[in-house]
Amino acid sequence: MTRTLLIAALLTALPAVAAPPDAALTTISERSGFTKTGRYDEVIALCDAFAARYPEAVRCADFGTTPEGRPMKVLVVSKVGAFTPEAAKAQNLPVTLIQGGIHAGEIDGKDAGFLALRQALDGEVAVGALEKQVLLFVPVFNVDGHERFAAWNRPNQRGPEEMGWRTTAQNYNLNRDYVKADTPEMQAMLALVNAWDPLAYVDLHVTDGAKFEHDVSIQVEPVHGGDETLRKAGTALRDGVIAYLAEQGSLPLPFYPSFVVNDDPSSGFEDGVATPRFSHGYFQLRNRLGMLVETHSWRDYPHRVKVTHDTIVSLLDLIAQNGAQWRVQALAADVRAQLLGGKPVALDYKATDTVRTIDFRGYEYTRTPSEVSGALMTRYDESKPQVWQVPMRDELVPAHVVDAPKAGYIVPAAHAAWVGAKLDQHGVTYRRLDAPLPKLAVQAFRADTATFAAQSVEGHQRTTLEGKWTPEKRTIGAGALFVPIAQPKARLVMALLEPQAPDALVAWGEFNNYFERKEYMEDYVAEDVAREMLKDPKVKAAFEQRLEEDKAFADSPQQRLEFFARRHSSWDDQYRRYPVVRIDRAPR
């Protein structure tokens with residue numbers, strides 16, 4: 001089939017579209033046969049045009065400004081006049097937030113969203129759905145990246161002819177920023193989320209990777225993680241969308257199709273639960289539904305827009321049918337979260353060694369050495385579909401489990417300003433302590449090892465800690481923050497402040513100073529100190545035992561001298577001590 005015939009066939013597969021009442025409501029993409037996408041000035045114009053054409057159902061608003069000064073646009077859609085968070089709450093309406101262009105080269109969501117929205121408003125699809133929910137549509141999240149516009153910005157993606165860039169003007173990847181919230185864009189998005197409290201947050205992407213027939217993956221949490229009862233709603237949302245897409249002729253997957261071994265189809269797949277740097281890993285911590293939609297990059301743009309369009313239509317219908325019930329379940333999960341104090345909570349998840357074989361629709365391929373790179377390369381023959389039988393590891397269990405603090409965390413005054421600002425961005429509740437708390441019983445975390453990443457990630461040097469919480473007495477100064485665990489966002493509190501959580505503030509290197517040695521004892525001084533300490537029989541016995549049992553210690557002059565330095569009053573008591581502590585009783 002020629003490219004022209006393929007595009008014609010795919011456009012025919014899109015739902016029948018009546019002539020729009022106003023040509024200004026169509027996109028450049030639609031008018032081009034879904035071979036092109038427009039620039040951001042089109043989004044601004046369409047936002048205003050939709051509000052003008054449907055004044056009873058659409059409002060166009062700015063919710064932020066990018067580092068390059070562009071407005072961040074959201075369309076608020078409601079056929080029952082719920083144009084504010086207060087109105088939505090008063091009517092007990094579920095809120096659905098659908099965003100496109102977090103990676104602005106993956107722009108299917110913008111063009112599919114405007115098409116689906118116009119059809120829904122005109123009663124051609126998702127009939128009656130906008131009477132039962134509020135839709136927040138953000139056509140482009142990464143606006144500055146969208147305007148870094150060129151052909152071949154994604155060379156492993158088929159269309160559109162030109163597209164935006166993956167990262168922001170500050171070179172951040174927004175879909176790594178949900179917890180750390182470094183960027184003005186993410187801070188604006190979190191403010192929008194805090195105001196509206198969407199039941200479902202839907203993130204529209206295009207995947208990278210191999211060539212195969214499956215055209216979209218749908219991942220939702222909570223399904224494997226988060227609140228156990230709310231997982232039923234997450235599963236129903238995921239399975240409902242997948243079933244609808246299959247009825248429309250798609251080949252949807254419930255997992256991200258990335259090979260265990262890069263470029264090797266025979267290695268199969270491993271499922272997982274995303275950490276909260278990603279959108280669908282973040283929203284489960286708020287007891288809400290997060291969905292990641294990944295159309296397949298090797299499908300033409302008309303096909304990808306159709307699949308994304310179908311996904312949006314399905315979402316609107318499913319939320320209309322079930323959203324009120326799911327919202328009640330989400331609010332019940334909020335109540336359960338307030339009771340997590342002292343209970344075990346999973347910080348992250350992993351696949352077990354249990355393997356099953358699945359059928360996967362790919363193409364015939366060969367793996368031969370490349371004359372260019374010299375590496376073993378996979379080459380696919382798209383004219384020869386083939387069902388692969390490949391291993392799948394999708395039995396998921398918690399990887400790290402810790403008991404939640406019985407009362408909460410205390411952030412010392414020295415860090416109260418910036419940590420408080422971060423908590424505010426996430427809508428986390430806390431209070432400032434007006435008076436000191438002398439000799440307070442706390443749990444303190446001391447790291448046995450602190451491993452700094454060799455390379456920068458998103459401008460941070462990430463840190464991995466090994467250690468444990470132990471009881472201590474600590475004087476807490478006035479101005480410290482008490483962050484209670486008894487709040488709806490308890491899981492998010494732990495994700496931010498628990499030192500072994502994968503995307504905690506400390507994991508992003510925000511407390512690295514505490515794991516760097518700052519004060520030293522010169523070797524010649526340590527020698528004198530050691531000789532003096534060895535006069536104590538207990539110290540002498542411990543030193544000799546360590547020499548006998550630990551060859552690495554015995555062979556290291558530095559470790560041997562540090563043995564004595566650690567016992568000296570000059571040793572830094574804060575070295576490798578995480579400054580945030582846990583408490584069992586809330587301070588008065």
Side-chain angles (χ1 to χ4, degrees), residues 37-41 43-44 62-74 99-110 138-157 160-193 201 203-209 256 258 262 274-282 292 294 297 418 421-422 425-426 452-464 495-496 502-512:
T37 195
R39 301 295 294 268
Y40 193 66
D41 57 359
V43 171
I44 296 173
D62 293 0
F63 70 96
T65 303
T66 72
E68 292 187 334
R70 297 183 176 92
M72 300 175 71
K73 292 290 186 179
V74 57
Q99 79 177 17
I102 188 172
H103 295 152
E106 306 168 24
I107 205 58
D108 308 16
K110 177 190 67 175
V138 177
V140 180
F141 185 9
N142 177 13
V143 178
D144 290 343
H146 185 279
E147 292 306 278
R148 186 176 170 181
F149 203 76
W152 299 107
N153 274 349
R154 281 176 60 79
N156 52 336
Q157 178 178 298
E161 291 178 1
E162 296 177 288
M163 71 283 286
W165 192 255
R166 183 178 184 85
T167 57
T168 71
Q170 296 174 329
N171 211 37
Y172 282 103
N173 184 339
L174 287 177
N175 204 29
R176 304 296 184 271
D177 199 36
Y178 279 87
V179 171
K180 59 185 178 64
D182 286 332
T183 62
E185 293 97 333
M186 186 58 70
Q187 292 166 17
M189 178 59 76
L190 291 176
L192 184 70
V193 166
Y201 186 98
D203 195 0
L204 304 175
H205 286 251
V206 182
T207 187
D208 299 317
Y256 189 88
S258 178
N262 185 47
T275 64
R277 72 184 67 176
F278 303 99
S279 62
H280 61 308
Y282 175 79
L292 175 69
E294 294 270 5
S297 60
W418 75 267
K422 196 62 58 182
Q425 290 165 4
H426 292 283
F452 299 123
Q455 293 182 329
S456 170
V457 179
E458 291 289 293
H460 293 257
Q461 184 182 29
R462 285 182 53 83
T463 305
T464 302
L496 287 161
D503 284 325
L505 298 176
V506 68
W508 281 107
E510 299 288 6
F511 291 97
N512 276 2

If you compare all heavy atoms of [X] against all heavy atoms of [Y], which two are closest, and at what distance to 0.1 Å?
X: W508; Y: R176; value: CZ2-O, 3.9 Å
X: A453; Y: Q461; value: O-NE2, 3.3 Å
X: E458; Y: Y172; value: OE1-CD2, 3.4 Å
X: K422; Y: A181; value: NZ-O, 3.3 Å
X: H146; Y: G38; value: CE1-O, 3.2 Å
X: G109; Y: L204; value: CA-CD1, 3.5 Å

T183 and D177 side chains, donor-acceptor separation under 3.5 Å: yes
Side-chain donor-acceptor pair present, N142, T168, cut-off under 3.5 Å: no
Salt-bridge present (E106, R166; N to O < 4.0 Å): yes
Please check: side-chain N/O of [X] versus main-chain N/O of [Y], any donor-acceptor pairing under 3.5 Å?
X: K73; Y: Y40; answer: no
X: E162; Y: F149; answer: no
X: Q157; Y: G105; answer: yes
X: K110; Y: G101; answer: no
X: N153; Y: G164; answer: yes
X: N156; Y: S297; answer: no

Could you tell me if the side chain of [Y] sits less than 4.5 Å from the side chain of [X], heavy atoms only?
X: V179; Y: Y282; answer: yes
X: K180; Y: R277; answer: no
X: P139; Y: Q99; answer: no
X: R154; Y: D208; answer: yes

Worked check of side-chain contact (heavy atoms from CB on, under 4.5 Å) between F452 and N512: CA-CA 8 Å; F452 299 123; N512 276 2; 3.6 Å; yes
Quick one: pull up [atom1] in [X] and [atom2] in [Y] and give me the separation to the nearest 0.5 Å.
X: N175; Y: F278; atom1: CG; atom2: CZ; value: 6.5 Å
X: R39; Y: I44; atom1: CZ; atom2: CD1; value: 11.5 Å
X: T66; Y: M72; atom1: OG1; atom2: CE; value: 7.5 Å
X: D182; Y: E510; atom1: CG; atom2: CD; value: 7.0 Å
X: L292; Y: D203; atom1: CG; atom2: CG; value: 6.0 Å
X: F141; Y: M186; atom1: CZ; atom2: CE; value: 4.0 Å

Parallel, tilted or perpendicular: ring planes of Y201 versus Y178, cut at 30 and 60 degrees: perpendicular
H103 and H205 aromatic ring geometry - parallel, tilted or perpendicular at 30°/60° bounds: perpendicular
Test side-chain contact (heavy atoms from CB on, under 4.5 Å) applied to I107 and V140, step by step: CA-CA 8 Å; I107 205 58; V140 180; 4.1 Å; yes
Aromatic ring proximity, centroids under 6.0 angstrom, W418 and F511: yes
Positive for salt bridge (charged side-chain N to carboxylate O under 4.0 Å, His left out) with R70, one of D41, D62, D144: D144
